[in-house]
Asks: 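After the structure tokens below, expect a handful of questions from me.
So you know, we letter chains A, B, ... as the sequences are listed, proteins then strands, and number each from 1.
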Amino acid sequence: YVTANSKWEKNDLTYRIENTTPDLSPGRVRRILSDAFKVWSVVTPLTFTEVMHSDADILIQFSEGYHDDGYPFDGKGSVLAHAFFPGNSKGGDTHFDDAETWTFNSTDGVDLFMVAAHEFGHALGLAHSSNTEALMYPWYQGYTDNFRLPYDDVQGIQTLYGSPSNRLPNTPRPPIVVPDNRDRDRGGEAPITPRPTHPPTKDDTPCTGNIDAITVIRKEIFFFKGSKFWRRGPNGLAAKPTEISKFWYNLPSDGIDALYERSDGKITFFKGDRFWVFSSNHMVTNFPVEGRRITELGVGKNVKKIDAVFTWPYNKRTYLVTGDMYWKLNAKEDFIEYDYPRDMSIWKNVPVPLDSAFKYWDGKTYFLKGDQYWEFYDNKMRTRKKDGRPIGRLLGCHNGELKSDMTLR
Amino acid sequence: APAASYQDATDWYRQREQQMVTYLGEFGYIHDASREAGPAGLTSKEAYTAAIKRLQRFAHLPETGVVDRRTLELMERPRCGNKDELDETQDSSRRRHKR
């Protein structure tokens with residue numbers, strides 16, 4: 001057996017079934033899932049209580065394809081389900097691929113009980129075992145009459161929680177151990193905090209951070225905050241900020257979310273669920289004024305905005321980032337590649353959700369969040385330093401103000 | 001079935017190899033970072049072969065290090081979507097430490 005790096009720090013857990021599969025009646029699904037939890041509760045001090053309307057430790061859902069967690073399902077066959085290790089947010093959540101035909105005690109489909117019992121093992125902190133007899137063996141082995149939890153799994157789960165006699169007194173405990181990193185362990189995610197809004201005020205300079213978008217266009221660095229943008233070239237800062245909509249006509253006047261300069265020199269802007277393509281400061285011919293939907297690029301319908309977009313010098317490919325997920329655009333930059341989205345933890349130490357990201361003059365990639373920035377170290381696939389540095393150094397600020405005579409390093 | 005021509009055989013093999021890279025990345029045998037940077041980047045031929053062997057060992061198949069028939073059959077089998085191999089960055093307890 002193999003244990004993950006997180007476990008629940010309480011014994012009494014709750015779960016909520018968010019939806020069921022049409023293949024089985026809702027009542028049957030509830031009973032099967034309850035029985036699957038019993039597999040684990042009989043050998044540990046853990047208890048599992050179904051809740052209907054309140055928040056729960058473990059959320060269970062049936063879904064198809066992309067379902068908002070960075071791990072889209074692949075249709076019938078192959079991947080049947082997945083579950084997140086204990087943690088906050090998505091921790092413990094268990095998802096079944098509804099493209100499968102779910103059955104119970106039958107060879108005519110995939111046995112829900114066996115898969116659920118396996119997935120709940122992950123939700124409690126067990127990883128895959130290479131023991132072919134184990135429930136936690138990753139490949140589906142069909143259904144078994146009168147299933148009993150194999151020894152390997154009993155050992156594994158009791159390593160984490162002890163045997164039933166170890167039941168703790170029912171006193172309030174901190175809910176969970178949260179791993180100190182948010183790597184791709186299906187063990188929770190970094191907390192998603194909404195980006196603060198920036199009403200344009202006199203004091204609201206880029207030096208205080210919270211940059212909406214940043215990029216380099218024809219050797220000038222453009223940074224956007226609220227309804228304005230600033231530009232700094234090799235000779236210093238342009239005298240005044242400019243209203244976005246007075247320079248790029250027909251863009252939303254209240255600011256943008258992200259932009260980048262394409263390989264053909266055109267500029268793509270993102271705002272909400274739309275994007276626009278400009279050639280210099282004119283929208284390309286026949287491009288709809290209201291913009292095109294980002295779903296036309298292949299991102300999921302439930303993606304409401306793009307946080308950041310950047311071209312990675314390492315492979316010269318363009319990436320879109322939203323929350324803790326990212327996509328790679330194809331070489332023509334008109335659609336996302338197969339096998340995305342992926343989890344942002346691959347970009348080690350990059351904070352999420354990002355404010356913006358860009359490729360700088362020095363050929364390096366920088367990620368921005370709040371009042372800090374992180375330089376990315378391509379060959380190690382991590383940020384050069386774990387902690388961010390003050391954003392003013394990147395933008396050319398001194399004493400909290402943009403300095404016109406400062407040239408960037 | 002025997003391939004119609006050398007070109008067909010080569011295409012077939014390349015396609016399977018690409019499937020294998022995707023599979024190895026999806027289930028944790030190639031580190032996520034290597035997966036993003038691509039085969040020309042952080043994953044050498046040796047690392048790729050070692051990853052196939054680790055998969056074969058995990059599944060109790062002969063460790064040939066190549067995409068053979070048994071390995072292809074294994075890839076066709078339905079399974080859990082969680083990774084088999086935890087990235088060392090994910091599991092601090094399994095990391096090596098200096099004494």
Side-chain angles (χ1 to χ4, degrees), chain A residues 2-6 71-74 76-85 95 97 100 110 115 118-119 121-122 126-132 136-141 179-187 312 314-315 317 319 326 328 338-339 342-343 345-348 378-382, chain B residues 15-44 47 51 53-63 70-95 97:
Chain A
V2 178
T3 57
N5 64 347
S6 64
Y71 305 95
F73 283 129
D74 54 1
K76 199 173 179 67
S78 199
V79 170
L80 306 174
H82 57 224
F84 293 80
F85 293 138
H95 303 158
D97 187 352
E100 310 301 336
V110 181
V115 175
H118 173 102
E119 297 306 329
H122 290 313
L126 287 179
H128 282 148
S129 168
S130 63
N131 184 329
T132 53
M136 296 313 293
Y137 189 63
W139 287 277
Y140 178 65
Q141 316 245 46
D180 63 358
N181 61 47
R182 54 170 188 81
D183 288 315
R184 193 174 182 179
D185 58 357
R186 298 173 187 261
W312 191 26
Y314 187 84
N315 58 6
R317 300 295 287 273
Y319 291 84
Y326 72 96
K328 182 164 76 177
Y338 166 76
D339 200 25
R342 292 180 181 173
D343 196 283
S345 60
I346 291 169
W347 305 81
K348 195 166 166 58
D378 295 343
N379 289 335
K380 301 254 182 182
M381 277 304 283
R382 61 169 171 80
Chain B
Q15 205 178 344
R16 293 298 171 272
E17 198 164 55
Q18 187 52 49
Q19 280 179 346
M20 192 76 218
V21 170
T22 304
Y23 193 91
L24 293 170
E26 189 169 359
F27 299 115
Y29 294 92
I30 293 176
H31 285 199
D32 289 327
S34 307
R35 198 175 158 210
E36 191 56 61
L42 307 176
T43 306
S44 63
K53 283 188 177 179
R54 285 201 304 278
L55 169 70
Q56 291 167 333
R57 191 180 316 140
F58 198 96
H60 303 273
L61 300 181
E63 293 178 39
R70 290 184 187 86
T71 310
L72 283 173
E73 283 172 4
L74 180 79
M75 288 164 59
E76 297 292 319
R77 282 179 61 184
R79 57 161 294 152
C80 171
N82 284 37
K83 292 179 177 183
D84 301 336
E85 290 212 344
L86 298 180
D87 192 320
E88 64 172 16
T89 56
Q90 296 168 11
D91 195 351
S92 55
S93 64
R94 299 174 74 205
R95 261 184 244 165
H97 293 284

Asks: Rounded to the nearest 0.5 Å, what's the gap from SG on B/Cys80 to OH on A/Tyr140? Could you check?
Replies: 13.5 Å
Asks: How many angstroms lie between atom CG of A/Asp378 and atom NZ of A/Lys380, to the nearest 0.5 angstrom?
Replies: 12.5 Å
Asks: B/Tyr29: what forms a side-chain hydrogen bond (donor to acceptor under 3.5 Å, both in side chains) with it, not counting sequence neighbours?
Replies: B/Asp84
Asks: Under 4.5 Å, heavy atom to heavy atom: which of residues 53-62 of chain B reach chain A? Give them by number, or say none.
Replies: B/Leu55, B/Phe58, B/Ala59, B/His60
Asks: Would the distance check show the side chain of A/Gln141 and the main-chain N or O of A/Thr132 forming a donor-acceptor pair, the cut-off being under 3.5 Å?
Replies: yes
Asks: Against chain B, label A/Tyr137 side chain, backbone, both or neither, depending on which of its atoms sit under 4.5 Å from a heavy atom there.
Replies: side chain
Asks: What part of A/Lys76 is in contact with chain B, defined as an atom under 4.5 angstrom from a non-hydrogen atom: side chain, backbone, both or neither?
Replies: neither
Asks: Can you name the nearest heavy-atom pair linking B/Ala51 to B/Ile30, along with the distance?
Replies: CB-CG1, 4.1 Å
Asks: What part of A/Glu119 is in contact with chain B, defined as an atom under 4.5 angstrom from a non-hydrogen atom: side chain, backbone, both or neither?
Replies: side chain
Asks: Quick check: do A/Leu126 and A/Thr3 have side-chain heavy atoms less than 4.5 Å from each other?
Replies: yes
Asks: If you tally heavy-atom pairs under 4.5 Å against chain B, which of A/Asn131, A/Val79, A/Asp74 wins?
Replies: A/Val79
Asks: Quick one: list whatever passes ring-ring contact (aromatic ring centres under 6.0 Å, His included) with B/Tyr23, sequence neighbours left out.
Replies: B/Phe27
Asks: Would you confirm whether A/His128, through its side chain, and B/Lys83, through its main-chain N or O, come within 3.5 Å as a donor-acceptor pair?
Replies: yes
Asks: How long is the straight-line distance from CZ of A/Phe84 back to NE2 of A/His95, given to the nearest 0.5 Å?
Replies: 5.5 Å
Asks: Can you list the residues of residues 70-79 of chain B that sit under 4.5 Å from chain A, counting heavy atoms only?
Replies: B/Leu74, B/Arg77, B/Pro78, B/Arg79
Asks: Kindly compute the distance separating CG (A/Asn315) from NZ (A/Lys328), expressed to the nearest 0.5 Å.
Replies: 5.5 Å
Asks: If you measure from OH on A/Tyr71 to CG on A/Asp343, what distance do you get to the nearest 0.5 Å?
Replies: 4.0 Å
